[in-house]
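Note on naming: letters A, B, ... go to the chains in the order of the sequence lines (proteins, then strands), and numbering restarts at 1 for each one.
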2 protein chains.
Amino acid sequence: MTISLTEENYIKAIFYKSNSNNIGVSTNSLSNHLKNKASSVTDMLKKLADKKLIRYKKYKGVLLTLKGEKIAINIIRKHRLWEVFLMEKLNFSWDQVHDIAEQLEHIKSEELIKRLDSFLGKPTLDPHGDPIPDEKGKFNETKSIPLNECKILKEIIFIGVKNHTISFLKYLTSIGLGIGDKFKIEAINDFDNSYQIKVKKNNLVFISNDLASNILIKIKNE
Amino acid sequence: MTISLTEENYIKAIFYKSNSNNIGVSTNSLSNHLKNKASSVTDMLKKLADKKLIRYKKYKGVLLTLKGEKIAINIIRKHRLWEVFLMEKLNFSWDQVHDIAEQLEHIKSEELIKRLDSFLGKPTLDPHGDPIPDEKGKFNETKSIPLNECKILKEIIFIGVKNHTISFLKYLTSIGLGIGDKFKIEAINDFDNSYQIKVKKNNLVFISNDLASNILIKIKNE
DNA sequence: ATTATTTTTTAGACTCATCTAAATTTATTT
DNA sequence: AAATAAATTTAGATGAGTCTAAAAAATAAT
């Protein structure tokens with residue numbers, strides 16, 4: 001069975017919109033995410049259901065089948081491996097890689113991905129700190145928490161972001177924060193739950209609670 | 001102006017079918033090459049002419065405009081750079097790279113190609129010995145001749161192939177012949193113009209004239 | 001529990017790239 | 001140069017993926 005580029009993008013969107021609870025993804029949320037009209041989404045959902053890639057009941061939203069999930073995870077694996085390639089080998093900055101990886105993820109060749117994976121040293125995290133599933137589709141879960149759930153003044157490792165917008169990524173770069181960096185929480189302001197952190201020898205940086213909720217961290221030595 | 005993947009493939013096909021003499025490429029030859037019906041080709045030619053990518057007169061065949069040629073050369077550049085990447089970095093064999101490069105050549109990002117080029121050390125020949133045009137579209141012409149035009153017993157450098165079919169490439173590999181290899185013409189049989197060559201310490205290999213016409217060589221120290 | 005609102009689906013139309021079948025033009029024979 | 005063959009184009013149709021506008025179903029509000 002062949003799966004078109006468009007179908008792949010729908011499958012990926014459904015995967016991203018799926019919550020761990022088994023509630024179907026709504027037509028509208030896919031419509032927003034894919035920037036297509038809801039009616040177009042409905043059409044495609046019928047097609048994907050025919051192919052047994054999703055379970056779809058009219059008006060009830062949609063869930064991936066095992067087959068569909070496998071495909072989604074494989075696309076994500078390809079996307080993230082290419083992102084690693086673009087940053088590590090071609091020295092792109094992390095806010096530049098997404099659009100290119102969005103294209104590369106659709107290249108069809110299992111052998112290519114296998115070799116790319118080896119070439120990159122079988123990485124388990126992409127440049128945004130997101131886990132890269134292995135050949136079997138298994139995610140190496142690195143338990144991270146958003147910075148705003150950390151209420152103690154400790155040494156922190158920055159391991160990922162929740163918000164992937166380019167402006168956010170650029171902002172982090174501008175304050176000297178990159179994946180893997182260590183920083184220290186110097187103060188937590190209880191009036192607005194904002195943070196003051198110190199990255200390396202840089203000055204103190206002020207982080208709003210909202211911002212902090214999009215920064216994924218691990219507490220050092222835990 | 002956006003150019004679709006399909007349009008890119010037509011432009012590339014027209015480029016490959018163009019002879020240095022200014023004779024238009026026929027609808028039928030494109031039809032064969034692209035494995036589309038002639039009527040489909042006609043439709044697309046009209047479209048490409050509207051976009052000023054080709055010059056097209058009904059029943060008279062087709063030529064690329066400067067704009068079209070630029071695009072064709074850029075696609076070829078991308079194709080060949082990716083082939084180098086696949087062989088040099090991912091250790092694919094030269095008969096495996098074409099199909100994957102056929103997909104990769106359509107990835108849209110000038111920056112990507114610029115960086116890939118640098119990463120690969122700005123190569124001027126691809127793994128099949130075909131020249132890689134530079135950013136400006138200039139081909140580094142390495143004047144090569146087909147083996148069957150060489151009538152003297154000399155040391156030879158194998159620099160490319162004319163026939164790119166997988167079976168031919170596999171055959172060359174099987175007799176121990178790879179791009180850049182040196183070999184010696186041991187004998188030229190005048191009854192059928194076939195060749196006997198010696199690759200490294202291997203046994204003598206028999207090469208028919210037909211085969212020889214598809215092997216591009218340079219005579220050593222010339 | 002009716003009404004109003006939002007979400008989703010259906011119906012019909014459009015573009016892109018393709019096809020088949022028929023018509024037309026060009027090239028080749030005799 | 002007329003007849004035949006080959007190449008090319010036109011006309012009309014199809015499938016994929018999208019759209020708008022209208023209908024139907026689900027959800028929320030009074």
Side-chain angles (χ1 to χ4, degrees), chain A residues 1-14 17-19 21-64 68 71-72 75 102-103 105-106 108, chain B residues 1-14 17-19 21-64 68 71-72 75 102-103 105-106 108:
Chain A
M1 184 187 44
T2 45
I3 296 169
S4 72
L5 189 146
T6 315
E7 288 170 336
E8 286 194 351
N9 283 330
Y10 271 87
I11 302 246
K12 193 173 51 138
I14 296 165
K17 289 289 172 186
S18 294
N19 299 307
N21 39 334
N22 250 30
I23 286 172
V25 178
S26 75
T27 301
N28 256 9
S29 75
L30 291 171
S31 165
N32 290 330
H33 188 262
L34 292 163
K35 279 156 188 175
N36 279 344
K37 297 297 163 186
S39 55
S40 310
V41 173
T42 302
D43 285 348
M44 181 55 87
L45 294 185
K46 284 180 192 165
K47 208 172 136 194
L48 294 175
D50 285 348
K51 291 194 174 184
K52 312 272 184 215
L53 300 173
I54 60 173
R55 277 196 315 256
Y56 169 58
K57 278 258 171 64
K58 269 192 199 176
Y59 297 102
K60 296 297 179 192
V62 70
L63 284 174
L64 291 175
I71 291 168
I75 299 168
E102 202 80 350
Q103 297 178 63
E105 73 188 7
H106 298 291
K108 283 182 182 11
Chain B
M1 184 188 41
T2 46
I3 297 168
S4 72
L5 189 146
T6 314
E7 289 170 336
E8 286 193 352
N9 283 330
Y10 271 87
I11 302 249
K12 193 172 51 139
I14 296 165
K17 290 289 171 185
S18 294
N19 298 308
N21 40 334
N22 249 29
I23 287 173
V25 177
S26 76
T27 303
N28 256 8
S29 75
L30 290 172
S31 164
N32 291 328
H33 188 261
L34 293 162
K35 278 156 189 175
N36 280 345
K37 298 296 162 186
S39 54
S40 310
V41 174
T42 302
D43 285 349
M44 182 56 86
L45 293 185
K46 283 180 192 163
K47 209 172 135 194
L48 294 175
D50 286 347
K51 290 192 174 186
K52 313 269 184 218
L53 299 174
I54 61 173
R55 277 196 315 256
Y56 169 59
K57 277 257 171 63
K58 270 191 199 177
Y59 298 101
K60 297 295 177 194
V62 71
L63 284 174
L64 291 175
I71 291 168
I75 298 169
E102 202 80 350
Q103 298 178 62
E105 73 189 6
H106 298 292
K108 284 183 183 11

Practice item. Take atom CD of E8(A) and atom C1' of dA16(D), then tell me their distance rounded to the nearest Å. Key: 15 Å
Point to revise | Residue pair S31(B) / A38(B): nearest heavy atoms and the distance that separates them | key: OG-N, 3.5 Å
Check your understanding: Going by number, which of residues 23-34 of chain B have a non-hydrogen atom under 4.0 Å from DNA chain C?
Key -> none
**Study point:** Whole-Å gap separating P (dA25(D)) and NZ (K57(A))
**Key:** 16 Å
Review point. What is the distance from CE of M44(B) to C1' of dT18(C), rounded to the nearest Å?
Key: 9 Å
**Study point:** Base dT20(C) to side chain S39(B), donor-acceptor N/O within 3.5 Å cut-off
**Key:** yes
Exercise for review: Check I11(A) against G68(A) and note the closest heavy-atom contact, atom names and distance.
Suggested key: CG2-O, 3.4 Å
Review point. When you check the phosphate oxygens OP1 and OP2 of dC16(C), does a side-chain N or O of Y10(B) lie under 4.0 Å from one of them?
Key: no
**Study point:** Interatomic distance, D43(B) CG vs dT20(C) C1' [rounded to whole Å]
**Key:** 12 Å
Check your understanding: Side-chain N or O of K37(B) less than 4.0 angstrom from OP1 or OP2 on dA21(C)?
Key -> no
**Study point:** More than 12 heavy atoms from other groups under 6.0 Å of NZ on K108(A)
**Key:** yes
Review point. Checking side-chain contact (heavy atoms from CB on, under 4.5 Å) for the pair E102(A)/K12(A): CA distance, chi angles, key distance, verdict?
Key: CA-CA 11 Å; E102(A) 202 80 350; K12(A) 193 173 51 138; 3.1 Å; yes
Check your understanding: If you take all heavy atoms of A49(B) and I54(B), which pair is closest and at what distance?
Key -> N-CG1, 3.5 Å
Revision key, fill the gap. Looking only at dT9(C), dT8(D), dT18(C), the nucleotide nearest the A38(A) side chain is dT9(C)
Check your understanding: OP1 or OP2 of dT18(C) less than 4.0 angstrom from a side-chain nitrogen or oxygen of S40(B), does that happen here?
Key -> no
Practice item. Identify whether any heavy atom of T42(B) sits under 4.0 Å from a base atom; if not, whether one sits that close to sugar-phosphate; answer base, sugar-phosphate or nothing. Key: base
Point to revise | Nearest-Å distance for atom pair NZ/P, residues K58(B) and dA23(C) | key: 16 Å
Point to revise | N/O donor-acceptor pair under 3.5 Å between K46(A) side chain and Y56(A) backbone | key: no
Exercise for review: Provide, to the nearest angstrom, the distance between the CD1 atom belonging to I3(A) and the P atom belonging to dA16(D).
Suggested key: 14 Å
Review point. Would one find a side-chain N or O of K46(B) under 4.0 angstrom from OP1 or OP2 of dT10(D)?
Key: yes
Check your understanding: Under 4.0 Å between a side-chain N/O of K60(B) and OP1 or OP2 of dT25(C), yes or no?
Key -> no
Review point. When you match N36(A) and Y59(A) each to their closest nucleotide on DNA chain D, which lands nearer the 5' end?
Key: N36(A)
**Study point:** I14(A) to V25(A) - nearest heavy-atom pair and separation
**Key:** O-CG2, 3.8 Å
